[in-house]
Structures are given as C-alpha cells and as structure tokens.
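FYI, side chains are in, hydrogens and waters are out, and symmetry mates aren't considered; it's all heavy atoms of this structure. Labels below follow one simple rule: chain letters A, B, ... track the order of the sequence lines, proteins then strands, and each chain is numbered from 1. Every value quoted in this text rests on a predicted model; they were computed, and no experiment measured them.
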Amino acid sequence: MFPPLAGRKPSGATLAAFRRALLQWFAAKRRALPWRKSRDPYHIWVAEIMLQQTRIAAVIPYYEQFLERFPTIAELARSDEAEVLGLWSGLGYYQRARNLQRAAREIVELHGGKFPRDAEVARTLPGIGVYTLAAVLSIAYGKPLAALDGNIARVLARLGAVRSPLRDPQTRRKLQEEAQRLLASGNPGDWNQAFMELGETVCTPRAPRCEECPMARWCRARGMELQNEIPTKRILREGIRVTLAAAVLCDPRGETLLLRSPGRHDAVLFSRLRQFPAIEIIGDMRDGVREEAKPRATTQIRNYLRDELGLPKLLKKSFRQLPALRHAVTFRDVVLLPVLVRVARLPRHSEGEAVPLQDVPHMPISSATRKIARAALTALAGSSNQARN
DNA sequence: AAGGCGGGGTG
DNA sequence: CACCCAGCCTT
C-alpha cells in the first residue's frame, strides 16, 4: 500500500535505504532552530505546543521570550495566567497557553516537576494529544513513537498515492500505522523531525519541489504525476464576513478604555481577551456592499458609546475613522473599522479598564486588538507631527 | 463525527 | 488579493 513496501514483500533492505535517504538528507539540511539546541523535555514541549498550527518563523521569537521569562516548569507553574497569555499574545489559539500552564501546575504537583516519561501519564496532561505526545517523547526521551502531523500525513499520502482525505479517521489510522512502521527506531526524534522538515521545505502543500526530494524514487504520487492532486483538498466550512466598528477612546493623558467583555458582537472575535469597545455593523453585508458599512460605523459607535457606556454626547468632530483593517478568525473574515474618539474623560464601566494606549500592544490581547491599537497610535503620531510642522 | 479555535504565508 | 494550512478539545 505504501512505498517502500508497496506491492512487494516487506524488504528490510528497501526500508533501510528509504530511512537512510531521509536521514542523510536531514543531516545535510537540518535547520538550526532554537529548540534543537536543547534536549530538555520542557523546551521541546513548549516548542511543540507553540508549533501546533503555527509556522516556525512565527514561533521563534515567542519561544525565546517565553523561555527567558519561564525558564523552568516550576517558574511557569507559579506565574499568573495573565502573564502567560501576555507572552502568548499574537500567537493565537490561546487555549494552548492556558493548557500549557495548567499542565505545568499538574507536573509540579503530581510528577515531581519533570515532564513525564510515561506515555500514558503524559497523554493525560491538558494540551497533550496524540501528535504532541509522540513528538515530545521521541525528541526528548528517544521513545519510539511515530509523530503524525499535517506535514508527515501529506508526505505519506504522496508517497503512497493516497487519495482519501487526510482528516478521514480511517485514513488517519492507516497513516498513523504506516508512520509507525517506517519509524527509524535508532533515533526516533531525528526521524520524526526529518519527516516533518521534508514536508515543510520540500514536500510542500502547494507546488512540491520533487526535483529536490530525496524520497522521489519511492513516491507513487510523483510517479503518477499526481503530486499536485494529492492530498485532496479539504472541504472547509464556508467563510462568513463580519464588519466591526471598534472605538479607540483617547483622553488628554493618552489613556484609552479596554473592556473585559465583548460589546454587541461575537465574543470570539477578540479571542475573549481584553478589547476595545466594539459593535458589529449589521446591515446588508453581501459581497460588494461592505463599503456601505463605513459611514454607518461612526454613527453606530457614537450611539453605542452614549447608550451603553454612558459617554456624554460627543461632537461629530471628536470622531475620526481610520482605514479599515482585515482580520481572520477561523472561518470568519472580519473587516475592522477603527474609530478614534477624543474624549475629555474616559467613562466608568464595570468591565472597563483605563490603560495608556501606548501600552496596549504589549498586553495580553488578540492580534485584532493589536492591529487596532497600532493603527490608532500611527494616526495619533501622524497628526501630532502635522501639528508640529 | 463534526465543529470551533488565530494568524500569517504563498502563488 | 484570494486561498491555504492543522492539533486539541468540546459537543
């Protein structure tokens, strides 16, 4: 079913050549990534959690800052969740950070502060699923567990010309078995990383570089010129479009108001983290008419601030609409319409908090909130420059 | 078994 | 720009 054993009796020699080809390629091309400097299970674990659904380039700076602040499991366990989220801010999938810290506390309380070696024990930790378990235990402890992530699944699917969808549970099982069978048990950590790195750099989702691929001679998809058709495209939930207006209040001291709970919009749009007051601009939002939301944004924000935040009536000239921003939240495509609002005093609000606008980009917030804060800071810097000139 | 959770890279 | 990517948890 899969090369190198496809259609023939399992041949030890072929399998050995297959493994040698990949390991030699990895030895030559292996990138010097921060988490590869270490075998500390904690370091590997943090890296693997950050790398879930997230590209290497995005992870590197977060990884280094995170370990600098939380050098040990014990340090992570005794920190505030808010600080952990602060260091995660911008990386997305914030539940990962919460689980990471919960697991750290569990490790300190139940496992003597060391990441468990036992697979069944480690698997019970929050945030440790089948993939992460195999990755951490193989890399940190040399356990012979085959990792199956998206990269490896794609490589295996191409090697074996598997046409069924990768997320199909039956296919998944088949691929997991195959990965386990191919695993080079001499150094499972290197093997898993070699496989993933091949998927990331050569056997890419689109336009795979088959000419550079050390495994091309074993690849059935390549042989059938199906490398661009396999794996089959995943059917994604249809996206929806959302338009939000967000108010960046600004008092004379440069302070702004953040809310702990959402305004009139879906809470997930700011990852349930602190956010600017915001409302969804309802209206006919079919394709092509989103432009109509822009004039409505200021009016609706103005009403919202008055009715629900108890802000006194403000003059129209206190409002300044900034250029629209785009943001994505899983299947939602969000257009953000930031509105800068000059106020004499920030309103009191039970869920509100006054903070210097300057500080907002460094707080535990979603990227959407950061984008809005940066847009506002840029606009303010621009207008003060104009005033000086 | 299916759906939800971010964000950024790529062609 | 539009399109693409994916591990874990909850329901």
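- Using a 4.0 Å heavy-atom criterion, one finds that A/R154 contacts the sugar-phosphate atoms exclusively.
- Put simply, chain A comes within 4.0 Å of DNA chain C, heavy atom to any atom, from C/dA2 to C/dC9, going 5' to 3'.
- Remark: A/R69 pairs with A/E75, A/E83 by the salt bridge (Lys or Arg N to Asp or Glu O under 4.0 Å) rule, at least two apart or across chains.
- In this structure, A/L166 and A/R102 both approach DNA chain C, and ranking their closest nucleotides by distance from the 5' end singles out A/L166.
- Under the ring pair (Phe, Tyr, Trp, His ring centres under 6.0 Å) criterion, A/F270 pairs with A/H265, not counting sequence neighbours.
- The hydrophobic cluster containing A/M224, built from Ile/Leu/Val/Met/Phe/Trp/Tyr side-chain heavy atoms closer than 4.5 Å, also comprises A/L226, A/I230.
- In terms of the side chain to side chain contact (heavy atoms under 4.5 Å, CB included) criterion, residue partners of A/T232 (sequence neighbours excluded) are, by chain and number, A/P165.
- With A/Q180 contributing its side chain and A/P144 its backbone, the two residues share a donor-acceptor pair below 3.5 Å.
- When the ring pair (Phe, Tyr, Trp, His ring centres under 6.0 Å) test is applied to A/F66, the partners found at least two apart in sequence or on another chain are A/F70, A/W88.
- Rounded to whole Å, the P atom of B/dG6 lies 22 Å from the corresponding atom of C/dA2.
- Remark: A/T201 pairs with A/W25, A/R31, A/E197 by the side chain to side chain contact (heavy atoms under 4.5 Å, CB included) rule, at least two apart or across chains.
- A donor-acceptor contact under 3.5 angstrom links the side chains of A/T54 and A/R96, judged on distance only.
- Annotation: of the two residues near DNA chain C, A/V130 and A/K233, the 5′-most nearest-nucleotide partner is A/K233.
- Screening residues 307-316 of chain A for side-chain hydrogen bond (donor to acceptor under 3.5 Å, both in side chains) gives A/R264-A/E308 as the qualifying pairs, with residues at least two apart or on separate chains.
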Under 4.0 Å protein heavy-atom contact, by nucleotide of nucleotides 5-11 of chain B - B base, S sugar-phosphate only: BBBBBB-
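- Taking the P atom of each, C/dA6 and B/dG11 are spaced 14 Å apart, rounded to whole Å.
- Taking A/E106 as the reference, nothing meets the salt bridge (Lys or Arg N to Asp or Glu O under 4.0 Å) condition, with sequence neighbours excluded.
- Take A/Y62 and apply the ring pair (Phe, Tyr, Trp, His ring centres under 6.0 Å) test, not counting sequence neighbours, and it matches no residue.
- Of all the residues in residues 140-150 of chain A, A/D149, A/G150 reach under 4.0 Å from DNA chain C with at least one non-hydrogen atom.
- Within the nucleic acid shown, A/I128 comes within 4.0 Å of sugar-phosphate atoms alone, with no base atom in reach, counting heavy atoms only.
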